[in-house]
Amino acid sequence: MTMKNQIIYMVCATALLSSCHIYKAYDRPDTIETSGIYRDPVSAVDTLVTDTVNMGNLPWQDIFRDPKLQALIEEGLANNVDMQAAVLRVEEAKALLTSARLSFLPSLNLAPQGSITKMENTGYKQAYTLPAAASWEVDLFGKLLNASRDQKATYLQSQYAQQAVRSQLIGGIANAYFTLLMLDRQVEITTETVGIYKENVRVMEAMKTAGMTTEAAVVQMRAVYHQVSGSLIELQRQVREVENSLSVLLAKAPQRIDRGTLDEQQIPEELMAGVPLQLLENRPDVKIAEMALASAYYTTNRARAAFYPGLNITATAGWTNGSGVSVANPGQFMFQALASLAQPIFNNGKLIANLKVSKAEEKIAQMNYQQAILEAGKEVSDALHLYDATNRKLFQDKSQIEQLEKAVTYTNALFQSGQSTYLEILSAQQSLLSAQLTEVSDNVQRMQAVINLYSAVGGGRE
């Protein structure tokens, strides 16, 4: 066969193998479904009419505007242990990717040797060899190419994992911060209520002395006072624990956290989820699932390439003064080259099994990718509905508080005129306290809905 025919044969063989996907790079499968994964929180149609604007593309500073919270997030991103570990894992993956890319190049080794020989009635003979050995695996059928692409997918996975840690850290710090603000406000409300109940106890004791009420009423008022005082202690304990947890997130010893107030917080009034396709590009966990699919795809390609022969070329060149029989000086130059072609013959059963396993793993990776998209859509839908629900609930909370404040005022007036008992005042005050604490909790829940949605649409990556 002439050289020209050999070249034509190799070109045809390469084209044939390309059709078998051995050289084909990963493409996102057409079977991946993204439409309709958001639910509209209010529409009966159920599918959200999406906008091209995605709040996940906004810097986290635009979402969390409290300067003290921003300082805490910056501190966490700089010092958090999980964040630092994620950065190091990216460096590890980058080093492995560099190693995979260098596998296309020949390896070169220098292995000098020397010996001294003495035989009877002869002097010492010194022999030396100064060889440089080179070895090169010719990537005819994409084994090294797919291995390199596989490592590139692993490297991207580590980058997306770092982004996921970053996003989770930002959300975690913001959640803890808003929880602290909620507890601070609840402590403030409960402290004021404890003062009111303490005054109520004093009034009831004076009224009993004046014969205007009974010991039973006084005892009941004292019991309520102690109950609310106990709840204040519990709230203060929760404040301390959240401060400790937030300190650990910031990689420092438990301590007091400098913070603002709940009333100072500003959050976006409009939440924008963007089109579902943006989840595929923005969400780190979805990208990690896709890179796992890409890695499985390249593993399948490598399993296919294993059916074809491997070509290795080795060469040795250098200087020696020993031929194995005699020693000559000065040394002479030597060169040796060898090419070997290995074609699998009797291990086809193992290769076929490996290919079947690789195809199955690729299918599993594709299903996991689709599931990750569905989970992302669920989180977006949940966050949108939580924000809408808490907005509507806050309206009811405010209306309830307004009515209960009136109830406390009216009950006090009726008591002063002798038309009501102190127990009715106590009941109205307890209901007001409960409503006030609920309003604070719902307000923070709305903020957490913003955090959840920002994370769900892939925010905080940069």
Show me the pairs that pass salt bridge (charged side-chain N to carboxylate O under 4.0 Å, His left out) and involve [range], at least two apart or across chains.
range	value
residues 144-155	Asp150-Arg302
residues 209-219	Lys208-Glu215, Glu215-Arg222
residues 187-204	Arg185-Glu188, Glu199-Arg202

>> Suppose we screen for side-chain contact (heavy atoms from CB on, under 4.5 Å). Which residues come up paired with Ser231, at least two apart in sequence or across chains?
In response: Thr190, Val228

> Does Pro67 have any side-chain contact (heavy atoms from CB on, under 4.5 Å) partners at least two apart in sequence or in another chain, and if so, which?
Replying inline: none

[X]: what forms a salt bridge (charged side-chain N to carboxylate O under 4.0 Å, His left out) with it, not counting sequence neighbours?
X	answer
Lys378	Asp382
Glu361	none
Arg446	none
Asp82	none

>> My understanding is that only residues two or more places apart in sequence, or in another chain, count here; which of them pass side-chain hydrogen bond (donor to acceptor under 3.5 Å, both in side chains) with Thr300?
In response: Glu362

> Do any pairs count as a side-chain hydrogen bond (donor to acceptor under 3.5 Å, both in side chains) and have a residue in residues 430-441, sequence neighbours left out, and if so which ones?
Replying inline: Lys398-Glu439

> Can you list every side-chain hydrogen bond (donor to acceptor under 3.5 Å, both in side chains) pair that touches residues 245-257, not counting sequence neighbours?
Replying inline: Glu75-Lys252

> Shortest non-hydrogen contact from Thr179 to Val444?
Replying inline: N-CG1, 4.4 Å

> Is the closest side-chain heavy-atom distance between Ile451 and Phe64 below 4.5 Å?
Replying inline: yes

>> Checking Glu290 against Tyr26 for the side chain to side chain donor-acceptor pair (under 3.5 Å) test, could you report, in this order, the C-alpha distance in whole Å, the side-chain angles of both residues, the deciding distance, and whether it holds?
In response: CA-CA 10 Å; Glu290 183 173 18; Tyr26 164 82; 3.1 Å; yes

>> Please check: side-chain N/O of Ser158 versus main-chain N/O of Tyr155, any donor-acceptor pairing under 3.5 Å?
In response: yes

